[in-house]
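Structure first, then comments.
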Amino acid sequence: MAIVNAKEILVKATEGRYSVGAFNITNIIQMEAVVDTAVQRNCPLIIQASVAPSKALGSKVIASVYRILAQDAPIPICLHLDHCTEVDFCKQCADSGYTNIMIDASKQPFEKNIQQTREVADYVHGLGDLTVEGELGTVSGVEDQVKVAEDEAALCNPAQAVEFVAKSGVDIFAPAIGTAHGVYKTENPKIDFDRFSEIFKLLNGKGVKMPLVVHGGTGLKPDVVKKLVSLGGSKFNVSTDLKHSLIDATYDYIAEHRDEYNPGKLDAAVRQAISDKINYWIDLLGCADKA
Ligand code: 13P
């Protein structure tokens, strides 16, 4: 019951003007902490795994743990493959049971981006009730296998966004609007709200058809996040924040308990740190009690 694709929860979120947290995980403990917190807050959830953890743990392992956690959860949960540049691996993860697949061909020329995204969309849709995310323009920074230098980053062209969505078969769409992966280098990154709003209106003028994704959540100020949600950003991606929570909590715990050899206690400290961070984002995105 609680296994869902991304589109169904995001159309609802767009209509209700809240956003669903899409949280990147790198191990099973993070995954459990994210699910437990979302259940406590009664909110819809997107678990994201990028390519490195999907290969390290194995797509079948991640999808199996997801199924077990989601089947019994009273909230809708999607499992998303994040920023995959390899068409074959996108197909493998869809076969394994991920319910939303992001093919990231945003560094390719426009026509090639459409063609690769279309190939993944056709395959994934052929498997059943699964959905696909595509990106246009390029988000700067590093997210796993995708590295985009600042001078390479390009904002999404609104007219091209309409053509891309019409031809590529995507179900949800990530336009580059000036957000970046990783830690922001300036205190006030230049986010192009007008561009985001224009793209939203072009794609959703007559009712919500194409939910929009915001990448690069970590480090955005709360008022920026809230504004993007109010303009129609219904999937909000957060990764670096959770990696920092995991590693900082691990260091802190070990520093304070150097003579203790009890992995369960270390895991509990990490879970708590992840949960605190997820609660921060749930409050900001306004998705509590929206399950
Ligand atoms: P951050 O690492 O900046 O939170 O970005 C996450 C993201 O957009 C994943 O796709």
Side-chain angles (χ1 to χ4, degrees), residues 6 10 19-27 30-31 34 45-54 62 78-86 89-90 93 98-107 117 131-150 152-156 170-192 196 211-222 224-225 228-229 233-248 273-274 276-282 284-285:
L10 296 180
S19 192
V20 177
F23 300 117
N24 284 67
I25 55 94
T26 50
N27 64 30
Q30 271 181 317
M31 201 161 160
V34 168
L45 171 67
I46 297 175
I47 301 169
Q48 307 204 130
S50 53
V51 174
S54 295
I62 292 187
C78 163
L79 176 62
H80 162 97
L81 174 67
D82 204 29
H83 286 287
C84 183
T85 57
E86 303 157 35
F89 196 65
C90 286
C93 288
Y98 288 50
T99 57
N100 192 65
I101 302 291
M102 178 184 187
I103 166 74
D104 182 353
S106 62
K107 275 181 127 178
T117 307
T131 49
V132 171
E133 175 178 333
E135 176 173 310
L136 192 61
T138 40
V139 175
S140 74
V142 179
E143 177 54 45
D144 193 4
Q145 58 167 198
V146 179
K147 298 180 184 61
V148 180
E150 259 173 80
E152 270 186 300
L155 299 185
C156 175
V170 287
D171 303 283
I172 64 176
F173 178 59
I177 50 157
T179 58
H181 294 128
V183 176
Y184 285 93
K185 294 197 179 112
T186 60
E187 207 193 322
N188 292 304
K190 202 171 169 314
I191 312 298
D192 198 334
F196 190 70
L212 294 190
V213 183
V214 179
H215 283 255
T218 300
L220 289 178
K221 294 205 166 132
V224 171
V225 173
L228 287 167
V229 174
S234 60
K235 173 175 182 272
F236 227 95
N237 288 9
V238 179
S239 175
T240 305
D241 243 0
L242 298 177
K243 288 184 190 142
H244 285 203
S245 295
L246 184 151
I247 290 177
D248 288 345
I274 300 287
D276 292 347
K277 191 56 81 178
I278 299 292
N279 272 315
Y280 165 85
W281 277 100
I282 289 172
L284 204 50
L285 300 176

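Remember, it's 1-based here, ligands and their atoms both numbered in the order they're listed. Everything numeric in this text was worked out from a predicted model, so none of it was measured.
- Remark: minimum distance from atom 3 (O) of ligand 1 to any protein heavy atom is reached at Gly182 N, 3.1 Å.
- Of the candidates Glu133, His215, His83, Asn237 forms a side-chain hydrogen bond (donor to acceptor under 3.5 Å, both in side chains) with just one, namely His215.
- Contact detail for Asp171 and Pro211: the closest heavy-atom pair is O-CD, 3.5 Å.
- With respect to atom 4 (O) of ligand 1, the closest heavy atom belonging to the protein is Thr218 OG1, 2.5 Å.
- Near Ala180, meaning under 4.0 Å from one of its heavy atoms, ligand 1 places the atoms 3 (O).
- The contact set between ligand 1 and Val238, taken as ligand atoms under 4.0 Å from a residue heavy atom, comprises 4 (O).
- The shortest contact between atom 2 (O) of ligand 1 and any protein heavy atom is with Thr240 OG1, 2.5 Å.
- Per-residue contacts place His83 under 4.0 angstrom from the following atoms of ligand 1 (heavy atoms of the residue considered): 10 (O).
- Of all the heavy atoms of Asn24, the ones lying under 4.0 Å from any atom of ligand 1 belong exclusively to the side chain.
- A donor-acceptor pair shorter than 3.5 Å cannot be found between the side chains of Asp104 and Thr85.
- If you check which protein heavy atom lies closest to atom 8 (O) of ligand 1, you get Gly216 N, 2.8 Å.
- Scanning all protein heavy atoms for the shortest distance to atom 9 (C) of ligand 1 gives Asp82 OD2, 3.1 Å.
- Listed by number with element, the atoms of ligand 1 under 4.0 Å from a non-hydrogen atom of Gly217 are 3 (O), 4 (O), 5 (O).
- With a heavy-atom cut-off of 4.0 Å, Ala22 does not touch ligand 1 at all.
- Heavy-atom proximity to His215, at under 4.0 Å, picks out these atoms of ligand 1: 8 (O), 10 (O).
- Near Ser239, with a cut-off below 4.0 Å to any heavy atom, the atoms of ligand 1 are 1 (P), 2 (O), 4 (O), 6 (C).
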